[in-house]
Participant: 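Got a structure for you, questions after.
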Amino acid sequence: MDKVRTRFAPSPTGYLHVGGARTALFNYLYARARGGKFILRIEDTDQERSTEESYAQVLESLRWLGLNWDEGPEVGGPHGPYRQSQRLPIYREHAERLIQEGKAYPCFCTSEELEIKKAQREAMGLPAIYDGKCRHLSSQEVKKKIEAGFSYTIRFRTPPGKIVVHDLVQGQVYFDSSLIGDFIIIKSDGFPSYNYAVVVDDHLMEISHVIRGVQHLSNTPRQILLYQAFGWQEPKWAHVSEIVGSDHKKLSKRHGATPITAFRDLGYPARAFNNYMALLGWSPPDGQEFRTMEELCRIFDIERCSKSPAMFDVFDLEKAADQDLSALKTEELENYLFPKSKLNWLSNLHIRHCPEEQYLREVMPFVQKSDFVAKTHGEIANERLREILLALRVYLDYYRQILRYLSDFFVDFDEKTIDDFAEEIISSQNFLSIAETFHRLIKERGGEDFTAEAIKNIIAETGRLTGHKGKNLYMTLRIACTGKKEGLELPQYLALLGYQKVEETLRKTIALAKERWPAGSLGGV
RNA sequence: GUCCCCUUCGUCUAGCGGUUAGGACUCGGGAUUUUCAUUCCCGCAACAGGGGUUCGAUUCCCCUAGGGGACGCCA
C-alpha cells in the first residue's frame with residue numbers, strides 16, 4: 001500500500017454529532033500523519049431519509065472543525081463524483097459484471113414476503129437470513145418476470161466459507177459466511193445498498209485505510225466477500241471503539257448526541273473540541289493531553305486506538321432528565337454542561353494559550369451578543385474593551401461565557417443583589433472609614449490617571465491613613481467599589497471599570513452603609 | 001434467538017507475563033494571592049467475578065455476569 005488515502009463517508013440523514021465527527025477526525029489525522037489524502041464521500045443512497053439540509057449541516061460541521069477534505073463534494077477530485085446518488089451508473093455496471101459472472105442474481109421477492117419469512121425464522125430461533133428463493137431462477141424466468149414488470153433487487157451470491165477480518169484495532173476476527181446469506185447489493189429503486197456501494201467506491205477511490213466505528217465490524221465480512229468477488233485488494237481495516245453517553249448508552253438525542261454545531265455556538269474553539277475528541281479512544285504516546293492540531297496531525301496513530309468504548313462525558317444527563325438535547329437553544333443547553341468536564345479544561349487551555357489577536361478575533365462574535373456592550377456602544381473605547389477581554393481570558397472555558405463575565409463591567413450596583421458576605425462587610429465598623437477615605441482620595445484626583453498602578457498607590461495610601469491592610473483593606477474596598485466579593489485583581493479591576501463607575505458604586509455603598517447601619521455593626525472583618 | 005466485540009480509579013486512559021498498577025480530568029487538603037480563577041505541592045480512588053496455563057498473571061486461554069454491535073430494499 002503506497003499512499004495513504006482515508007475517507008469519511010457520512011450519510012446525510014441527520015446532523016453530525018461526536019460519534020461521526022470523531023471518526024472523521026481520526027481519518028483526517030491519520031491521513032495527515034502519513035502524508036496521505038483525506039476524502040469526503042456522501043452516502044446518500046437512502047432516498048427516503050437523505051436530505052439536503054443534513055448534507056449542508058454535515059459539511060458545515062466538518063468545515064468548522066477544520067477537517068478539510070482533499071477530495072470530495074465542492075472541492076472535486078480525480079475520483080468523483082463524491083455523492084453516491086450521482087454514481088448510480090457505476091454501481092449498475094459493476095453489478096452487471098457480477099451477474100454475468102454468476103456472482104449475483106436478480107431477486108423478485110417482495111418486502112412483505114421477506115418480512116413474513118424473517119418473522120418465521122426468528123420464531124424458530126434460526127438466524128434471520130435470506131432463504132435463497134430466487135437464487136436458482138433460470139435466465140428465462142428472470143427475463144419473463146422483468147418483462148412482466150416485476151420490480152426486483154440484485155443479491156450477492158454469498159459463497160460458503162470462513163472469512164477473517166484483519167483489523168488494525170480489533171485484531172483478527174472470524175466470521176462464517178453461512179450466517180450472512182445472500183444480501184442485496186442493488187435495491188429495487190436502482191440504488192446500491194450500503195455494503196455494496198462502500199466496496200465499489202472505496203476501491204475506485206483507492207482508499208487504503210477504512211477507519212470507522214465498530215458497529216461496522218460485522219458488515220466487514222460482506223464487504224470482504226465483495227472484494228474477493230471483484231478480485232480487488234482489500235483496504236486495511238481499522239474499527240475503532242464507539243462513543244457512549246454518560247449513562248453508558250449509545251449516543252442518541254437524549255443521550256448527549258448534540259449536533260457538532262452546538263459546540264461551535266457555545267463557543268468552544270474547534271481545536272479544543274478536536275483535541276478532546278482525539279482523546280476519546282486514542283491516547284498520545286507520551287501522555288501529554290493538551291495538544292495543538294499540528295501535533296495531533298503528526299503523532300496520531302491507529303496503533304494506539306482503544307477497543308473499549310469511550311464515554312462522551314460533557315453533559316449532565318441526569319439533570320437533563322429525558323430532554324432532547326439536540327433540540328435545545330444554545331443558552332438552554334449551556335445549563336446541562338458539566339462545568340468541570342475535561343472538554344472545558346482543555347478548552348480553557350486552548351483559549352489561554354493562543355495568540356492575543358486570535359483570542360480577540362474568536363471571542364468577538366460572542367461579545368457582540370452582549371446587550372451591555374450593545375447598549376454602551378461608543379462609550380467603551382475599543383482599547384478598554386480589549387483590555388477587559390484580555391483580562392477575562394483566563395476565566396473562559398468556552399467563549400459564550402464571556403457574556404456572563406462581561407456583565408460585571410456593565411451592570412450597575414444594586415443593593416438588592418448584595419449577598420450576606422457583602423452585607424457583613426458593609427455593616428462592619430471599618431467600612432466607612434476605609435471606603436470614605438478611598439473615595440476622597442480618588443475624588444481629589446478627579447479621575448486623573450485612573451490606572452492600575454495609580455490605584456494601587458491610592459489603596460496603599462488608604463491603608464496608611466486608616467491603619468488597615470491586607471485582606472481587611474482589600475476586601476472592604478472590593479465590596480465598596482464593586483459590590484461583589486469576586487473578580488479580577490483589584491487595582492486592575494477598578495481601572496477597567498473606570499473612574500466614573502467606581503466612584504458611583506462607592507457613593508451607593510457608602511450611602512447604604514450610612515442608611516442601614518448608622519452606627520456600624522459590632523462585626524469586624 | 002444466532003454471530004461478533006468490549007470490561008483498569010467517578011471519567012479519559014497507560015500497561016502489551018515480574019510495576020509500590022502510571023498519568024490526566026474531577027474531588028479533598030495545603031502553599032501562593034486582597035477575592036474567585038490561575039500556578040505549585042500533597043492526598044483519595046481501579047485491574048467485573050470464577051476457573052485454568054505459568055515459578056509468576058492486569059496482561060494468555062475458558063466460563064459466568066454486565067454492556068454494546070450486527071443479523072434491513074438503513075447506513
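Sequence lines set the chain letters: A, B, ... in the order given, protein chains first and strands last, and positions in each chain run from 1.
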Participant: Using the C1' atom as the reference point in each nucleotide, state the distance between B/rU32 and B/rC25 in Å, no decimals.
Facilitator: 23 Å
Participant: If you measure from the C1' atom in B/rC62 to the same atom in B/rU54, how many Å do you get, rounded?
Facilitator: 16 Å
Participant: Establish, yes or no, whether a centroid distance under 6.0 Å links the rings of A/Y268 and A/H350.
Facilitator: no
Participant: Using a 4.0 Å cut-off on heavy atoms, which residues in residues 46-53 of chain A reach RNA chain B? List them by number, or say none.
Facilitator: A/D46, A/R49
Participant: Could you check which nucleotide pairs with B/rA70 in any of the strands shown, counting Watson-Crick or G-U wobble with both distances under 3.5 Å?
Facilitator: B/rU2
Participant: Looking at residues 215-226 of chain A, who's got a heavy atom less than 4.0 Å off RNA chain B?
Facilitator: A/Q215, A/H216, A/L217, A/S218, A/N219, A/R222
Participant: Contact class for A/E489 vs. all strands (heavy atom < 4.0 Å): base, sugar-phosphate, or nothing?
Facilitator: base
Participant: Does the side chain of A/N430 pick up a donor-acceptor pair with the side chain of A/S428 at under 3.5 Å?
Facilitator: no
Participant: So which nucleotide from B/rC71, B/rC4, B/rU2 ends up closest to the side chain of A/V173?
Facilitator: B/rC4
Participant: If you measure only the distance, is there a donor-acceptor pair under 3.5 Å linking the side chains of A/E93 and A/Y91?
Facilitator: no
Participant: Would you kindly compare A/S11 and A/K342 by the position of their nearest RNA chain B nucleotide and give the one closer to the 5′ end?
Facilitator: A/K342
Participant: A/A310 side chain: which of B/rG69, B/rU13, B/rU11 is closest?
Facilitator: B/rU13
Participant: Before we go on, tell me: are the rings of A/H216 and A/Y194 under 6.0 Å apart, centre to centre?
Facilitator: yes
Participant: Please state the P separation for the pair B/rG68 and B/rU11 - nearest whole angstrom.
Facilitator: 15 Å
Participant: Between the side chains of A/R83 and A/E43, is the shortest nitrogen-to-carboxylate-oxygen separation below 4.0 Å, so that they form an ion pair?
Facilitator: no
Participant: If we call it a pair only when both distances are under 3.5 Å in a Watson-Crick or G-U wobble match, what pairs with B/rC40?
Facilitator: B/rG30
Participant: Using only side-chain N and O atoms of A/R352, determine if any of them is under 4.0 Å from OP1 or OP2 of B/rU39.
Facilitator: yes
Participant: For B/rC55, which nucleotide in any strand shown is its Watson-Crick or wobble partner with both distances under 3.5 Å?
Facilitator: B/rG18
Participant: Compute both the distance and the angle, then confirm whether A/R393 meets the cation-pi test with A/Y359: under 6.0 Å from the six-membered ring centre, within 45 degrees of the axis.
Facilitator: yes
Participant: Determine, using ring centers only, whether A/F409 and A/Y493 are less than 6.0 Å apart.
Facilitator: yes
Participant: Could you walk me through whether A/I479 and A/T509 pass the side-chain contact (heavy atoms from CB on, under 4.5 Å) test, one step at a time?
Facilitator: CA-CA 8 Å; A/I479 299 290; A/T509 54; 5.6 Å; no
